[in-house]
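Structure first, then comments.
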Amino acid sequence: MKSKTGLTGRVIFKGDPGYNAARKNWDPHTDRFPKVFVFAQRTQDVANAIKWARKNNVPIRPRSGRHALETNLSQVNGGIVIDVSEMKKITLNKKCRTAVVESGNQVGRIVDTLARQGFIAPFGDSPSVGIGGITTGGGIGPLQRTTGLICDNLIAVEMVDAKGRVIRASKKRNSDLLWATRGGGGGNFGVYTKYKFKVLRAPAKATVFSVTWPWNQFEAVVKKWQRWAPGTSTKLGSELTVGPKKGGNVSMLGLFLGSKTEALRFLKPILSVGTPTPTIKYLPYLEATKFLLAPDPVLTQKYSNQFSSGFGYHPFPDKAFKPMRKFLEKAEGGTPAGFYFLNWGGAVSKLAPRATAFYWRNAKFYVEWNSSWVKPSHAARNIALTRNTRKKLQPYIVGSYINVPDQGIKCSGPVYYGKNYPRLRRVKAKYDPQNVFNNPQSIPPAK
Ligand SMILES: Cc1cc2nc3c(=O)[nH]c(=O)nc-3n(C[C@H](O)[C@H](O)[C@H](O)COP(=O)(O)OP(=O)(O)OC[C@H]3O[C@@H](n4cnc5c(N)ncnc54)[C@H](O)[C@@H]3O)c2cc1C
């Protein structure tokens, strides 16, 4: 498909049929009015789009799974969105234990394809997140204590740079780009078209659990969880969510790569808090992944969100629960607002903070919180609620996760990347010295 502009792939300009569907991201707050969407079918379409954008001086936004959690990341008014979501090939090499996936795949599709062939692909809490974006920022989830972050399994990439050249990076060539891609965040260096991952054999079966508590027990559950979850078996991944006071509850979802009997033994400390309602199942591995990855369609998701995130090196002291409670009391009821925690340790913490661009290796847990709304007129107060809560929680957290960004953070480079920020700027200067790939909190090239 070649249009008269020289753009190739499935090209949709503003006003063309399909424009409104093309512009629908998971979070409506991030929808914009780009000039054109290019749905690339192959790497050359990406290269042509970059060359066209540079010739016509149009800002570029790469896009894969549409799950950006801040504005102007994967769409921008008047820009070109280079969308790789129709590039979805997955090639598993069982003998070498590697998988090459095109960057347009959703995480759930990779998990499912590999699980059916007896292999693990790490995942987070939503199957529709794009591998394109999640990999570059890190990729956290309940398997990480066994597999490491998604980016820890990345061994090679194919990327199109600002001149439209195809660049390949691995341990042997352009290893600085591979280092930067493992946690440096999307939209910084070029448009990735392929990722090569090492993969692990999946167990035949795994134990999954879903536990709920009444909302008013959240403080006791969070306190216990922060002391228990980081130190329990590294085969156990636990996601703890606390919903808004209005209509919310406390819930813990996760998995244990072992038997139900063993899982119950490790879960005992947290199940002894308050009045939990547990569901615990020992399932074939594929079924276990389905239990954890409920469908999360992009086009019908109606809530807008403001997220903020950080890492806990110590359990929250009592005084941290005051801003947490205030946030949960003020968050809109009936929405997916709340707090979310994920336990750290195991394979994530085995790598040194400087080994990959992902810096926050030595934390005990990850924490994020989000306000949500439907009416655009509620946006400002909800954004302020999340950002003010960050200020109040700042003494108890460090850093922030680039995949769950907050554009209220000023001088954000060291906050996302810690001591890796200067090196990331040097890599940026090498691969994109003119800062063609940029967004509101992207990495500027070193001078
Ligand atoms: C419902 C939901 C659940 C989530 N759960 C988790 C989780 O459990 N674990 C976790 O780690 N994260 C999670 N995230 C955060 C997620 O990792 C980030 O939002 C990620 O950036 C999304 O990637 P995407 O490709 O879907 O999004 P997009 O909106 O397509 O892109 C996001 C960013 O990545 C860039 N990008 C995308 N594709 C490419 C590419 N091919 N080349 C270069 N840059 C690219 C974009 O320019 C943009 O800056 C979640 C997000 C949502 C909305």
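In listed order, ligands and their atoms are each counted from 1. Positions are given from 1, in the same order as the sequence printed here. Nothing here was measured: the structure is a model prediction, and the numbers come from that model.
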Original post:
Looking at Asp296, which atoms of ligand 1 are within less than 4.0 Å of one of its heavy atoms?
Top reply: 1 (C)
Original post:
Which of the numbered atoms in ligand 1 are below 4.0 angstrom from a heavy atom of Gly124?
Top reply: 7 (C), 8 (O)
Subject >> Numbered atoms and elements of ligand 1 in range of Gly190, under 4.0 angstrom, heavy atoms >> reply: 42 (N), 43 (C)
Original post:
Does Tyr401 have a non-hydrogen atom less than 4.0 Å from ligand 1?
Top reply: yes
Subject >> Donor-acceptor contact below 3.5 Å, side chain Ser372 vs main chain Ala337 >> reply: yes
**OP:** Heavy-atom contacts with Ser126 under 4.0 Å: which atoms of ligand 1 show up? List them by number with element.
**Re:** 1 (C), 3 (C)
Original post:
Where do Tyr359 and Tyr421 land on the ring-ring contact (aromatic ring centres under 6.0 Å, His included) test, with the steps shown first?
Top reply: CA-CA 9 Å; Tyr359 185 73; Tyr421 187 51; over 10 Å; no
Original post:
Would you say atom 33 (C) of ligand 1 touches the protein, meaning some protein heavy atom is under 4.0 Å from it?
Top reply: no
**OP:** May I ask you to decide if Glu102's main-chain N or O and Glu158's side chain share a donor-acceptor pair within less than 3.5 Å?
**Re:** no
Original post:
Are Arg109 and Asp112 close enough for a salt bridge, meaning some N to O gap below 4.0 Å?
Top reply: no
**OP:** State plainly whether the residues Asp16 and Arg10 are in salt-bridge range, i.e. N to O under 4.0 Å.
**Re:** no
Original post:
Hey, are the side chains of Trp215 and Leu328 touching, using non-hydrogen atoms and a 4.5 Å cut-off?
Top reply: yes
Original post:
Under a heavy-atom criterion of less than 4.0 Å, does Arg66 contact ligand 1?
Top reply: yes
Subject >> Tyr19 ring center near Phe37 ring center (under 6.0 Å) >> reply: yes
Original post:
Who gets closest to atom 23 (O) of ligand 1 by heavy atom: Pro336, Gly133, Gly187?
Top reply: Gly133
Original post:
For ligand 1, is there an atom lying under 4.0 Å from some heavy atom of Gly137?
Top reply: no
Original post:
Do Pro444 and Arg425 come within less than 4.5 Å of each other through their side chains, counting heavy atoms only?
Top reply: yes
Original post:
Does ligand 1 have a heavy atom under 4.0 Å from the side chain of His67, from its backbone, from both, or from neither?
Top reply: both
Original post:
What do you reckon, does Val191 put a non-hydrogen atom under 4.0 Å from ligand 1?
Top reply: yes
